[in-house]
A.B. asks: 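The structure under discussion is supplied below as C-alpha cells; questions concerning it will follow.
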Amino acid sequence: MDRYDAHTTEAKWQRVWEDERAFHVPNPEPGADRSRKKYVLEMLPYPSGTLHMGHVLVHTIGDVLARFHRRTGKLVLHPIGFDSFGLPAENEAIRRGGHPRDTVERNITHITREMKRMGWTFDWDRVLAAHTPEYYRWTQWLFLRLYDAGLAYRKPAPVKWCPQDQVVLANEQVHDGRCEYCGSEVVSKNLEQWFFKQTAYAQELLDDLDGLDWPERIKTMQRNWIGRSEGAEILFRIDELDVDIPVFTTRPDTLFGSTFFVLAPEHPLVAQLIDRSSNADELGDYVRRAGAKRGEERAAAEEKTGVFTGFFATNPVNEARIPIWVADYVLMDYGTGAIMAVPAHDERDREFAERYDLPIVTVIDDGEKLVDSAQFSSLPAEEAKRAIVDSLEQRGRGKQAISYRLRDWSFSRQRYWGSPIPIVYCEQCGEVPVPDEQLPVELPDLEDYRPRGIAPLAGADEWVRTTCPRCGGEGRREVETMDTFVDSSWYFLRYCDAHNDQAPFDKEIADWWCPVDQYIGGVDHTTMHLIYARFFMKALNDLGLVGFREPFQGFFTNGWVKLGGTKMSKSKGNVISPDELISTYGADSLRLYTLFMGPADGDMEWTDEGLEGMARFVRRLYRLVGEVAERPHTGDEPANELLRKSHETIARVTDDLGRRLSFNTAIAAVMELVNELSRAGAADPAARFAAETAVSVIQPYAPHVAEELWEHLGHSRLWEEPWPVADESQLQRETFELVVQVNGRVRDRFEVGIDLPEEELVALATASPRVQAHIEGATVRKTIVVPHKLVNFVTG
RNA sequence: GCCGAAGUGGCGGAAUUGGUAGACGCGCCGGACUCAAAAUCCGGUGCCCGAAAGGGCGUGUGGGUUCGAUUCCCACCUUCGGCACCA
C-alpha cells in the first residue's frame, strides 16, 4: 500500500460529493415526521477574502456534528451564507478601492473555494448573501411588518458617533468609549434614529432563557444585560409647575431618608425649569456641557457635579419639600431619568450630598430596621418596602414597578453598504412605508460611497427623490441603512426556503426545520446578535409569521485559537493560513487537530508540532487499516479485548458527539483504539472489526481518509453508512483490575473475575503480601468494598 | 466595585455519578532500521529518596466533610471574560 496522499484523496472525494450534491437536503413533504430533523448552524460569517482559524474551528465543529447526525438517520439542514453587508466590507472596499459589491463578491468566490477544500458539507443550494436584492428585499419586508406592528419607530436620541467611521454605533459596538471597528474615541450626538422596540419583550427574553440548552454562563450574561430590577415608581409633586414627576427606586423603604431630588440633564422637565429659574444661566450652561460629554467621561468624573434649580419637590410620604438638582450622574435612559436621592443609604447620593452640603438622614439601622419613618419605623426593611408602596398606591402616589437595563435596539446606520430602510418622507403624509410590491428598495450604485458625516445615500439625488406611495406627491427616501444585525436576525429562516420569491420563507417549512437545534458561534455575540434574533422570533411569532418564539434551542460557544498565548489576529501578525496548511498536511489533519487541541469551547494553543503529530496519526491509521484490508476477510469475530475496545470506542465517540459535545476526547478514544489495533496486529481475529470501527467513527472528523479506507475495506459510501451502535454485551468485561487501598492509599492492584462476591474480593485483597505489609499488626476497623472498583481497609 | 469562568507533568489536555490522578497528543530520552540522515517503527517519561524492591510527595493556597476529594463545603490568591454612576 502506498503512503497516504492527502492531496489526491481529498480532491477525489470532494469531487464525488460535489458531483452528487451529496449533502443537499430537500425540504420535507407536508406533514413529514419532525423528529427526524436536525438543524445545525454556525453563525453567519463575514466573507473575508481567505479563511482564518476562527472559521476553521466553528465550521469544523458544525460539520462534525452535521456528518454525525446525518449518519444517525437524521435529516440534517446545514447551510451556509455570508454576512456581506456592513462596516467591515465597506471599510475593506474603501481601503482597497472599488465598490463594496465587487469586494464581497470576489471574497465570496474565493472563500467558497477554500470552504470546499475543508470538506465541509454545506447545502450549497441554499447559500445566501445579505447584500443581494433577493435577500434584502425580504429584510425590508420584515422591517415593514415590524413597522406596521409599531415595533420599529423613530425618535431623536443621543447617539454614539464614531468620528473616524462617520457612523452611529449601537451601545454594543462601543467598548471602553471606543469604536469596535476602528478603535477611535466615540462622541455623543443627537440624531433621529430608528429603533426596534425590543424592550417590549424584556421580561420574556429573560424568562425564556430557562428553556434553552445554552451554556449557563451565556444565559447569565444575557440576564445581566437585560438587568431586571424590582422596585417602585413613586410620584413627587412640584407645586410651582403643577406636575408630578415619577422616579424609579429599588429602595422604597428609604423614602423617608430622601433629602433631595435629582433630574438627569436630558430630562424633558429641565428645559421648563431653566425658563423659570432664577439660576437659568448656570443651569443652562451645565446642561449644555453635560450633553457634550460622553457617557464614559461622565462616569469617570472624579467628583459628581450638579446645579440647584431653585425648585422643590414634595416627598409624598411626609410632605417634606426637598431641593431639585440637575446632575449628570443621573442618566436619562435608565428608569425615569429622575431619582429620589437618599444619601444615607446610597453611595452615589452620599458623595453628592457631601460635596454640596445636603442633609443626610439615616432611616435604616444596623439591624436592617426602619427608624424615623413615621408609622413604618421599626419594620424590617424588606417588609417596609411593601408596606410603603402599598400605602402610596392607596393614595395614588406610587406603585410596584420593574425596570430593565435593556434598551431598544438602534438599528439605523449612516453608511452606504447596508439595506435601505423602505420609508419615504412626504410633506403631506409624513413618514410613509414603501408598499410591499415596490420592494426591494434597491441600493443605488454610488461613485462615492464614503462616509461624510451624513448618510452617503443623501447624495444620490435621483434615488432620494421619489413619489409618495400614499398621495403620489413628492417624497424623499430614507437615506440611512440598516445595521447588519437585522440581516442576521432572520437568515436562518431564509435557509429553510432559500429560493422563495413570494415571501421571505414559507411558514410551514420554517416551522418544520426551526428552531435551530444546534447553533455554534462565538461568545462575543451574546448581548447583540443572540438577543436581537431572539427578539425577532418573538415579534415574528406575534405577527403570525413563525410558529415558535426562540430561534436557537441549543448553543455551543467556540473558543479562540491562540498562538504564543495570544488570540490570532492580523494586527498582531500571529496568524496562520489554513489554506496553506491544507496544502501541506491536508484538510483531514487540520480538522482533526483543530478539535484535538483542547475543548472546543475554550481557548486553544496552536502548535505546528501538534498538527504534524496529527498528520502522523492519519498516516498511521492509513497504514494499519491498509494492512488489515489486505488480509482475506475471515468473517469470524471472537470476543477478545480488541473487539471489546472497539465497542467501547463506538460508545464513547457516540456519547461525545451526541450528548457531551466533547470533540477532543472522541479523537483520543479513536487513537486509543488504533494503538490497541497496532499492538494486536493485523492478524488478530478482531482486527478487521477494529479497523472498520476506527474508520467509521473518525469519519465525521476526517471524512476523506475515512472514505478512502472504507473503500479499501471493501465497502462504499461511508457518508451514508448508518452510525455504528455499540453492542452492550460486548462491552462487558470478564475481569477487572481490583484496587486495594489501606486507609485510602493504593497498595496493590490485580485482575480479578468480574462476578466475584464481596467476601471473595476481601479475601483476595487481604491475601496480598503488599497489603499485608500495611495491615499487619493493626486492627482493620472497617472494610469498604466498591463493586467492580476497589477494596479499602481502614485500620484503627 | 458587581457578575461569571478557570487554575492538574516540560507543554496542550483527560478523569462523565465522591472511588486507580495524569487517558490521548506534543516534547524529551533510549533502542531498531540506515553507510548516514530524514521518515517510520518499538520502548520509557509527574516530582523526590533509593542500585533495586519499595517509600514519600503531588490537581493554585489554607481549612473542612468523608474510609476515600481534581470532583462537595468555607475562606483566600491568581488569571481571563462580561457589566459598570443602572437609582
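Reminder, nothing fancy here: chain letters follow the sequence lines and each chain counts from 1. For the numbers below, each heavy atom of this structure counts, side chains included, while hydrogens, waters and symmetry mates do not. For clarity, every value in this text was computed on a predicted model and none was experimentally measured.
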A.B. asks: Parallel, tilted or perpendicular: which one describes the rings of A/Trp325 and A/Tyr356, with boundaries at 30° and 60°?
C.D. replies: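 Tilted, since the angle between the ring planes falls between 30° and 60°.
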
A.B. asks: When the side chains of residues 778-792 of chain A are checked against the rest of the protein, which donor-acceptor pairs come out under 3.5 Å, sequence neighbours left out?
C.D. replies:
from: A/His788; atom 1: NE2; to: A/Ile754; atom 2: O; distance (Å): 3.4
from: A/Asn792; atom 1: OD1; to: A/Asn743; atom 2: N; distance (Å): 3.4
from: A/Asn792; atom 1: OD1; to: A/Gly744; atom 2: N; distance (Å): 3.0

A.B. asks: More 5' along RNA chain B: A/Gly335 or A/Arg217, using each one's nearest nucleotide?
C.D. replies: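 With A/Gly335 and A/Arg217 compared, the 5'-side residue is A/Arg217.
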
A.B. asks: Do nucleotides 10-26 of chain B as a string where each nucleotide becomes B, S or -: B if the base has a protein heavy atom under 4.0 Å, S if just the sugar-phosphate does, - if no protein is that close.
C.D. replies: --BSSSB--BBS-BBSS

A.B. asks: Just how far, in rounded Å, is P of B/U79 from NZ of A/Lys562?
C.D. replies: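 These atoms are roughly 14 Å apart.
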
A.B. asks: For B/C35, give its Watson-Crick or G-U wobble partner with both distances under 3.5 Å, or none.
C.D. replies: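 Partner of B/C35: none found under 3.5 Å.
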
A.B. asks: In whole angstrom, give the distance that lies between atom NE2 of A/His525 and atom P of B/G81.
C.D. replies: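 The answer, rounded to whole Å, is 17 Å.
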
A.B. asks: Nearest-Å distance, CZ (A/Arg223) to P (B/A5)?
C.D. replies: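 After rounding, the reported distance stands at 12 Å.
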
A.B. asks: Would you indicate whether A/Arg223, at its atom CZ, is surrounded by more than 12 heavy atoms from other residues, nucleotides or ligands within a distance under 6.0 Å?
C.D. replies: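 It does: A/Arg223 CZ has more than 12 such atoms within range.
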
A.B. asks: Is there a salt bridge (charged side-chain N to carboxylate O under 4.0 Å, His left out) between A/Asp244 and A/Arg397 once you walk through the steps?
C.D. replies: CA-CA 9 Å; A/Asp244 287 325; A/Arg397 304 304 296 169; 3.0 Å; yes

A.B. asks: Within less than 4.0 Å of OP1 or OP2 of B/U40, is there a side-chain N or O belonging to A/Arg619?
C.D. replies: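 Checking A/Arg619 against B/U40: at least one side-chain N or O falls below 4.0 Å of OP1 or OP2.
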
A.B. asks: Taking the inter-plane angle between the rings of A/Phe663 and A/Phe556 on a 0 to 90° scale, is it parallel (under 30°), tilted (30 to 60°) or perpendicular (over 60°)?
C.D. replies: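 Ring orientation, 0 to 90° scale: perpendicular.
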
A.B. asks: Below 4.0 angstrom from OP1 or OP2 of B/A87, is there any side-chain N or O of A/His345?
C.D. replies: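 The answer is no; no side-chain N or O of A/His345 sits under 4.0 Å from OP1 or OP2.
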
A.B. asks: Show the atom names and distances, to 0.1 Å, of all donor-acceptor pairs under 3.5 Å that link a side chain in residues 608-617 of chain A to residues at least two apart or in another chain.
C.D. replies:
from: A/Asp608; atom 1: OD1; to: A/Trp606; atom 2: NE1; distance (Å): 2.9
from: A/Glu612; atom 1: OE2; to: A/Tyr585; atom 2: OH; distance (Å): 3.2

A.B. asks: How far does the C1' atom of B/A87 sit from the matching atom of B/G13, given to the nearest Å?
C.D. replies: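 The same atom, C1', in both gives a distance of 46 Å.
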
A.B. asks: Considering just the side-chain nitrogens and oxygens of A/Ser678, establish if one lies under 4.0 Å of OP1 or OP2 belonging to B/C42.
C.D. replies: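 Yes, A/Ser678 has a side-chain N/O under 4.0 Å of OP1/OP2 on B/C42.
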
A.B. asks: From the list B/A87, B/C83, B/A39, which nucleotide is the closest neighbour of the side chain of A/Ser229?
C.D. replies: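 The nucleotide sitting nearest to the side chain is B/A87.
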
